[in-house]
Amino acid sequence: MSKFKTKVLVSMVSAALVLTACAQVNEKLASGGAKAESTKSQLPVIQAVLTHAPDVPAPITRKYSAKVVINLETQEKVMRLADGVDYMYWTFGGQVPGKFMRIREGDEVEFNLSNSPDSKMPHNIDMHAVTGPGGGAASSFTAPGHTSTFSFKALIPGLYVYHCATAPVGMHIGNGMYGLILVEPKAGLPKVDREYYVMQGDFYTKGKYGESGLQPFDMEKAIKEQPDYVVFNGSVGALNGEKALTAKVGETVRLFVGNGGPNLVSSFHVIGEIFDKVYVEGGTTENRNVQTTLIPSGGAAIAEFKVDVPGTFIMVDHSIFRAFNKGALGMLKVTGPEDKIIYSGKQADKVYLPEGSAAQSIANKQTAETDKALSKDEQIAQGKHVFESNCLACHQANGEGIPNAFPPLAKSDFLNADHNRAIGILLNGRSGPITVNGKNFDSIMPAIALSSSQIANALTYVLNSFGNNGGQVTAAQVDKQRKVAPVTSSNEHG
Ligand SMILES: [Cu+2]
């Protein structure tokens, strides 16, 4: 089988090599070559429809094999990695992850890989769906401004990763050169209401997480496997807010989840959901009732579940610091009627303060200050990250807090009245009675050992959000407050 395959491959490649004319002619001749060599003669030719994440091409309804023509272009381009942070991505099709391809078991694929004339690097493609040397890598090595053609037969169904395999391979993958190809089994996949494409990747930048500007790739961190960013679909927040995946109560959702790596293994989890079915590692084994599924680097999984109640379901890599501190967090927003039996929502909230409670400190490595002065807008952009990973859990995404537990930062009279007092709270924590917007709270905020610029940015963000009065807090101002004795609720005025 594989010998036969290799023979076809070789003849296809040589057929392709003599071609210099336009793509159309190229296609015809390539199909001619396949006919001459193949025992199954006349397969209908179909142009593949490829999609950008999180979209997936429609399920395949045809009941016969086809010759599927896939055209894909590698492009190198600067895009947003996080708010205020840009990165020179290397891509399959202009985004990370690369375009989703969907074919059927038994199809013959003619693959045309073009490398944009604007590229600086040669690229190629190693498809895990290919049975053949290098998964197509050697046959698809393509210089900028060229197109390579090779063909393969999709022998085995499954969800497969594809990636660039041009040296240095780790760097090409680390810059975003990966995607998924689904080889549907002949019988097709069971019908579901929604299908989405989610792919994790780790990124290594010269600057640390959130440091603004165009960030170059850091080879040393990549070798040490210490990413600054771990993200879904190429950037921090690619699946958050308005870009969240959506579904309606009662619908079934199928996630095609890949992991491009280059290094990390993903512990993929959807908070508040249980996967009814997981096609383990993208193969044919079906596991049921799964909380978290492992997705190896260069691997995939298909996760299916029915959504029973409305709300925002957070997708994470459950190696949890990656989710809250490096970006591996996405959202599925489900709308529809509540079912209070399946999930009641908060039924009670009482203050619980065991004796001896006092302001505690959340240990947090003091990060090196980047001593360049940021503009107010830059502070706000970076402060948003600090807020999202350090404050949101208690004070909530909209800053409204939680009644009887966490005071609001939104339109907070307490905050707006005295910025230095707020800095002191972040530096030292706070406990005891406090009145915010006429409501009484008596709880504990732990000190969060952030750097002075992180505190300055977080407060500047908060002051300019949630209906607050505006203003700016600088790192120097925070440094000054570090030298002031902590204010406790008993000696505080107001
Ligand atoms: Cu490449």
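Only this structure's heavy atoms are used, side chains among them; waters, hydrogens and symmetry mates stay out. Both counts, for ligands and for their atoms, begin at 1 and track the order of listing. Please read these numbers as outputs of a predicted model, since none were measured by experiment.
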Chemist: Indicate every side-chain donor-acceptor pair of residues 259-267 with a distance under 3.5 Å to a residue at least two apart or in another chain.
Modeler:
{"residue": "Asn259", "atom": "OD1", "partner": "Gly261", "partner atom": "N", "Å": "3.0"}
{"residue": "Asn259", "atom": "ND2", "partner": "Leu264", "partner atom": "O", "Å": "2.8"}
{"residue": "Asn259", "atom": "ND2", "partner": "Ile295", "partner atom": "O", "Å": "3.0"}
{"residue": "Asn263", "atom": "ND2", "partner": "Tyr204", "partner atom": "OH", "Å": "2.7"}
{"residue": "Asn263", "atom": "ND2", "partner": "Ala222", "partner atom": "O", "Å": "3.0"}
{"residue": "Ser266", "atom": "OG", "partner": "Gln200", "partner atom": "OE1", "Å": "2.6"}

Chemist: When rounded to the nearest 0.5 angstrom, what is the spacing between CG in Leu81 and OH in Tyr209?
Modeler: 8.5 Å
Chemist: Calculate the angle formed at the Cu ion (ligand 1) by ND1 in His172 and SG in Cys164; 10° precision is enough.
Modeler: 110°
Chemist: Counting backbone and side-chain atoms alike, does Met177 have an N/O/S atom under 2.8 Å from the Cu ion (ligand 1)?
Modeler: yes
Chemist: First locate atom CZ of Phe466, then atom OH of Tyr461, and finally report the distance between them rounded to the nearest 0.5 Å.
Modeler: 4.0 Å
Chemist: Kindly give the atom name of the N, O or S atom of His123 closest to the Cu ion (ligand 1).
Modeler: ND1
Chemist: What is the ring orientation for Phe100 with Tyr197, classed by angle as parallel under 30°, tilted 30 to 60°, or perpendicular over 60°?
Modeler: perpendicular
